[in-house]
Amino acid sequence: MMGTKDAATVLCSLLLLLSLSCEYSQAAESDYLQAQNTALLEVDASWKVARKIPQTLFGLFFEEINHAGAGGIWAELVSNREIYSIGFEAGGQNTPSNIDPWSIIGDESSIYVTTERASRFSKNIIALRMEVLCDHCPGGSVGIYNPGFWGMNIEEGKAYNLVMHIRSLEHVEMTASLTCYDGSQNIASTSIVHDGVQEWLKIELQLVAQGTCRTSRLELTTSKRGVIWFDQVSLMPSGTYKGHGFRKELVHMLLDLRPQFLRFPGGCFVEGNQTKNAFRWRESIGPWEERPGHYGDVWKYWTDDGLGYYEFLQLAEDLGAAPIWVFNAGISHTDAVDTSVIAPFVRDALDSIEFARGSAKSTWGSVRASMGHPERFPLKYVTVGNEDCDKINYKGNYLKFYNAIREAYPDIQIISNCDGSSRPLDHPADLYDFHVYTNPNDLFLSKDKFRRTSRSGPKVFVSEYAVNVDAGNGNLLASLAESAFLIGLEENSDVVQMASYASLFANDNDRNWNPDAIVFNSWQQYGTPSYWIQTIFRESSGAVIHPVRLSSSYSGSLAASAITWQDNEHTFLRVKIVNIGSNTLNLTIDVAGLQAGVDRKRSAITVLTSNNPSDENSFSDPNKVVPVKKDLPNAAEEMQVSLVPHSLTSFDLALDQYGKLVADM
Ligand code: AHR
């Protein structure tokens with residue numbers, strides 16, 4: 001390939017041939033390079049060629065993976081609150097069982113702790129029996145403790161609600177305390193004194209923290225010889241989002257994405273490695289003490305299903321997002337229910353829909369009402385299985401689910417697992433799932449993927465996308481490739497109706513799936529660049545898209561789109577451009593057909609970039625790669641701007657009229 005210097009020399013030679021004086025110089029080379037490092041972006045903002053983007057375009061996919069829910073957005077602090085063996089799937093409900101991560105305070109001579117089938121809850125029959133063997137116990141008292149999910153974040157001045165069930169044949173004198181991780185510093189404590197607990201008694205009390213410790217534990221101790229049984233121990237911060245049990249800071253990060261939908265609860269989590277370990281909505285509703293919980297055998301951890309089907313619907317409502325319920329299609333990673341006997345699973349799916357949107361007097365709607373939500377949840381989308389298209393029995397099972405749901409709920413949009421992007425589906429569906437995990441280059445090129453997709457069949461739901469190769473722990477380069485892909489989805493949003501990044505959350509102590517949008521531990525959280533780019537796309541849902549034309553010798557590393565969007569008061573023309581290459585480019589933006597003037601004072605530029613494409617955010621440097629917003633005083637229909645290497649740049653030209661045109665379109 002001809003280098004730029006060679007090209008300049010050839011140019012000079014040609015000029016020499018024309019007898020013009022041409023002296024090769026550094027200055028000429030620089031001028032030449034400058035002339036080449038350009039890009040022209042033409043935007044046709046006239047209303048007649050504009051198209052409305054579906055209101056649903058960008059949303060969230062929540063999966064119980066990486067302790068996203070248990071030990072994550074579900075604020076329960078006690079891990080394994082059912083005092084039930086993790087890994088119970090191997091040993092069933094046999095006793096004794098592993099009480100991990102519960103442990104004892106004291107030693108073998110002073111305390112004996114085991115499990116017994118003694119619970120008051122029929123679905124959770126294992127309770128913990130603690131026998132105190134000492135009269136003068138070591139350290140004054142002995143007992144049990146729970147360290148939470150890698151430490152409980154207990155903060156000074158905050159209140160924590162402790163609920164537990166106890167039983168004893170004798171008078172009980174014990175203490176519930178929150179201590180720093182090794183028990184050395186007591187930050188909250190209260191005594192529990194009771195006669196007459198021969199029958200199970202529910203204890204509810206509040207602990208108010210006198211100090212802060214990010215790695216606290218809950219201790220239940222006594223100095224009195226005797227036996228106490230414990231069951232269903234829960235410790236919840238009092239300040240959860242709207243009192244609904246969700247960790248506030250994490251919900252706020254989701255709200256900042258203004259998600260239009262929430263797909264839940266997985267993923268492979270929905271399937272299970274074996275069908276018997278799949279998520280079961282019916283076992284995840286009702287009083288938390290009566291939920292059996294289950295071992296998620298794909299991502300290999302126990303969840304008490306405190307974050308159950310009802311809570312997912314509640315979370316969607318709290319986020320202002322449309323719920324998208326993914327239910328098991330009678331198929332796991334290793335086994336499948338035959339279509340001839342899938343009927344109970346179909347019944348189960350219909351019941352789940354009734355639970356969400358049946359009247360408060362219906363069989364399952366009344367259960368929802370009894371949980372505190374008499375109003376119907378607006379469930380309008382369901383997905384039959386996850387990544388099951390090529391698995392045995394899928395097509396047969398799918399049709400059974402499809403026909404039954406279509407008949408009972410004609411308005412529900414049914415989503416198939418089969419990819420119809422390259423050839424038509426051989427079964428009816430309203431939308432189909434499309435998942436893509438790949439390297440940066442491939443995802444960048446996939447921006448054009450849906451140009452060739454048929455416009456006549458079902459619509460596309462890109463329910464999982466991410467760069468997961470050469471992405472580090474979520475780096476700038478990955479997010480830029482994703483940005484280009486999202487620009488492609490905007491462009492093709494006549495057929496692509498929805499898109500969500502995967503995976504959403506990772507507890508830093510269990511990063512089983514990497515990268516993720518939001519990383520957290522018990523007390524901190526940050527967004528990866530993949531999170532932050534989504535904040536730059538959030539206004540696209542329901543906006544209006546305009547045709548653009550990009551001309552540059554670097555167009556292979558550029559992607560651009562233009563939308564008109566509105567907030568409550570104002571209208572903006574937003575031009576986004578990704579420069580995934582390493583060159584600084586002089587970009588000319590030329591907007592034609594604009595029916596309004598540009599208000600420079602309110603216009604802004606937002607840039608997401610960093611020194612190195614492999615740069616990432618972290619707990620110690622959470623804002624290394626984040627969007628930076630500045631005024632754009634030279635905003636105009638034609639403007640020259642500099643496009644930095646490895647960047648996503650968003651120009652918001654504030655328009656001085658347009659009223660509610662976007663909404664009306
Ligand atoms: O997002 C992680 C996993 O990737 C999902 O569980 C599954 O659907 C996909 O394979």
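For ligands, and for the atoms within them, numbers begin at 1 and follow the listed sequence.
In this structure, Glu490 pairs ionically with Lys576, as a charged nitrogen and a carboxylate oxygen lie closer than 4.0 Å. With respect to Lys391 and Glu271, a salt bridge is recorded, a charged nitrogen being found less than 4.0 Å from a carboxylate O.
In terms of heavy-atom proximity, Phe279 sits nearest to Pro265 at CD2-CG, 3.7 Å.
Taking the centre of each ring, Tyr309 and Trp364 stay at or above the 6.0 Å mark.
Shown are Phe461, Phe62, Phe58; of these, the ring-ring contact (aromatic ring centres under 6.0 Å, His included) with Phe261 is made only by Phe461. Exactly one residue among Phe434, Tyr465, Phe537 makes a ring-ring contact (aromatic ring centres under 6.0 Å, His included) with Phe485. That residue is Tyr465.
Heavy atoms of Ala502 found under 4.0 angstrom from ligand 1 belong exclusively to the side chain. At a 4.0 Å heavy-atom cut-off, ligand 1 does not touch Tyr501 at all. Residue contacts with ligand 1, taken as heavy atom pairs separated by less than 4.0 Å, do not involve Val298 at all.
At the shortest separation from atom 10 (O) of ligand 1 among protein heavy atoms lies Glu387 OE1, 2.9 Å. Taking atom 6 (O) of ligand 1 as the reference point, the nearest protein heavy-atom neighbour is Glu63 OE1, 2.6 Å.
For ligand 1, the polar-atom distance check against Glu464 finds a nitrogen or oxygen pair separated by under 3.5 Å. Taking only nitrogen or oxygen atoms, main chain and side chain alike, Trp513 does not reach within less than 3.5 Å of ligand 1.
Of all atoms in ligand 1, numbered sequentially from 1 with element shown, those under 4.0 Å from a heavy atom of Gly267 are 5 (C), 6 (O), 8 (O).
Between the CG atom of Asn386 and the CG atom of Asp433 there is a distance of 7.0 Å, given to the nearest 0.5 Å.
Taking a 4.0 Å cut-off on heavy atoms, Phe269 fails to register as neighbouring ligand 1.
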